[in-house]
2 protein chains.
Amino acid sequence: MSRSKSDEAQQAKPLSRIQETNRKAILEAALDVFAISGFRGATIDEIATKAGMSKPNLLYYFKSKRAIYQQVLEQTLSDWLAPFAELDPTGDPVEELRRYITAKLKMSEKNPNASKLFANEIIHGAPVIGDFLKTSLKTLVDEKAKVIRYWVGEGKLAPVDPYHLIFMIWATTQHYADFDVQIRAVVGSQAGRPGFADQAAQAVLTIILNGIRPRQ
Amino acid sequence: MSRSKSDEAQQAKPLSRIQETNRKAILEAALDVFAISGFRGATIDEIATKAGMSKPNLLYYFKSKRAIYQQVLEQTLSDWLAPFAELDPTGDPVEELRRYITAKLKMSEKNPNASKLFANEIIHGAPVIGDFLKTSLKTLVDEKAKVIRYWVGEGKLAPVDPYHLIFMIWATTQHYADFDVQIRAVVGSQAGRPGFADQAAQAVLTIILNGIRPRQ
DNA sequence: GTCTATAAGAGGATAGAC
DNA sequence: GTCTATCCTCTTATAGAC
């Protein structure tokens with residue numbers, strides 16, 4: 001047992017090719033299963049089967065169900081926040097926000113399970129990433145809220161509370177992933193059609209951007 | 001066993017006072033527990049304890065965990081949709097939508113667990129209310145979409161897709177209930193303060209209503 | 001690294017006394 | 001109506017052979 005403290009943070013210890021592929025297969029399967037069933041509802045068995053191996057074999061790679069969950073959640077988080085971190089204070093506000101909203105909608109479309117995984121974690125009280133929310137995420141949001149406030153001060157945006165604007169963008173964009181079942185139920189077969197996502201993007205962008213455009 | 005087909009739909013059979021109070025206590029406790037833990041994560045034991053009775057005693061009132069879940073979900077649904085059904089085609093569009101959004105935000109504030117219960121059900125694929133979504137809810141949404149489209153046609157609203165506008169309102173208002181843990185983590189102690197909900201309401205109303213107000 | 005077998009425990013549901 | 005005791009299934013996790 002010569003390895004150092006943290007197991008979550010993927011040591012720099014050499015991984016054989018087979019280890020690498022298996023771990024990846026497990027994490028991919030786990031994302032799907034956790035997203036649909038939640039942490040409690042997911043079973044190691046289902047993840048293992050989906051990843052093409054037996055349950056004990058999966059547990060050879062991750063020591064517990066929780067360990068898999070943490071890994072897949074952490075891996076998801078950074079991807080998820082990347083476009084937010086890129087909001088550029090020197091850019092044109094409306095264009096910057098358009099870019100951000102578009103990127104988030106795209107992510108919801110391409111990887112709805114990442115969004116669901118995250119939603120589940122939060123709804124259930126954020127037992128695993130609660131600390132992250134209160135530290136790293138808060139710092140990042142505070143920073144971006146300052147940027148938005150600056151834009152408002154410059155008269156480049158209508159006077160809106162930056163935090164609520166951010167929440168609104170998150171809510172709206174993630175809704176298309178998290179509630180896709182409801183959306184599909186309501187709009188029927190349209191939801192599958194190729195243009196649907198673009199149509200959603202256009203509507204969301206129209207409303208939010210008009211809503212925050214400065215008026216004279 | 002002389003009772004007729006459906007158990008879910010609460011027969012018109014007489015309930016003693018003690019039955020009534022106990023059933024109510026169970027349903028209240030169940031709402032909290034299911035909302036936080038999800039269906040799988042919830043335990044009968046926890047619901048029973050919270051309702052002030054033993055596990056077998058609870059099962060004297062509801063024959064299974066699923067039966068409790070269905071009941072509490074159905075009961076929640078009608079409350080949840082009531083203000084949507086009241087959107088009035090003859091009223092002023094912006095005022096009607098303001099009233100609706102305000103009502104939904106109020107509900108999220110007063111009863112976040114109802115929102116979370118619903119969110120959990122949808123994220124997990126709507127196993128219990130899937131049919132309801134495809135029938136009753138779809139009908140209602142189609143009807144209200146027509147109303148919005150009519151308003152747009154009259155030039156009383158900017159040209160927006162009614163379905164996406166509805167989704168946006170749902171997403172934004174429910175976000176304050178479903179993701180309250182994240183919101184609290186990000187804004188800190190402010191979230192508890194009395195004015196916070198009003199501030200949220202104002203921001204949401206400002207953006208959405210400005211976003212859909214007709215422009216000349 | 002992967003398997004079969006199994007330990008260990010949680011939780012849903014029932015039996016039957018009171 | 002309510003309780004204690006218990007059954008039984010499902011699931012996590014480990015032991016140990018290959």
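Each chain gets a letter, A, B and so on, in the order the sequences are listed, and its residues count up from 1.
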Using distance alone, with no hydrogens and no angle criterion, decide if A/Tyr60 and A/Asn22 have a side-chain donor and acceptor under 3.5 Å apart.
-> no
Between B/Glu95 and B/Arg98, is the closest basic N to carboxylate O distance under 4.0 Å?
-> yes
Euclidean distance, atom CG of residue A/Asp45 to atom P of D/dC10 [Å, nearest integer] = 12 Å
Are B/Tyr61 and D/dT2 close enough that a side-chain N or O sits under 4.0 Å from OP1 or OP2?
-> yes
According to a strict under-4.0 Å criterion, is A/Arg40 in side-chain N/O contact with OP1 or OP2 of C/dG11?
-> yes
Assess the side chains of A/Glu121 and A/Tyr69: does a donor N or O sit below 3.5 Å from an acceptor N or O?
-> yes
Protein-nucleotide distance (B/Arg17, atom CZ; D/dG1, atom P), rounded to Å = 12 Å
Among D/dT2, C/dG12, C/dG1, the one nearest any side-chain atom of B/Thr43 is C/dG12
In whole angstrom, what separates A/Ile47's CD1 from D/dT12's P?
-> 8 Å
Classify the nucleic acid contact of A/Ala42 as base, sugar-phosphate or nothing, counting any heavy atom under 4.0 Å across all strands shown.
-> sugar-phosphate
So, is A/Ser54 near the phosphate of C/dC3, with a side-chain N or O under 4.0 Å from OP1 or OP2?
-> yes
B/Asp88 atom CG, neighbour heavy-atom count above 12 within 6.0 Å | yes
Set of residues satisfying salt bridge (charged side-chain N to carboxylate O under 4.0 Å, His left out) with respect to A/Arg40, sequence neighbours excluded | none
Under 4.0 Å between a side-chain N or O of B/Asn57 and OP1 or OP2 of D/dC3?
-> yes
What's the closest nucleotide to the A/Ser16 side chain, out of C/dG1, D/dC3, D/dG1?
-> C/dG1
Considering only nitrogen or oxygen atoms on both sides, find all protein atoms under 3.5 Å from nucleotides 13-18 of chain D and state each distance.
{"from": "D/dA13", "atom 1": "OP2", "to": "A/Lys65", "atom 2": "N", "distance (Å)": "2.8"}

Flag for A/Asp180-A/His175: side-chain donor and acceptor within less than 3.5 Å | no
Calculate the interatomic distance between B/Met53 atom CE and D/dT2 atom P; express it in whole Å.
-> 7 Å
Please check if the distance between the ring centroids of B/Phe84 and B/Trp170 is under 6.0 Å.
-> yes
Check the distance between D/dC10's P and A/Glu46's CD and give it to me in whole angstrom.
-> 15 Å
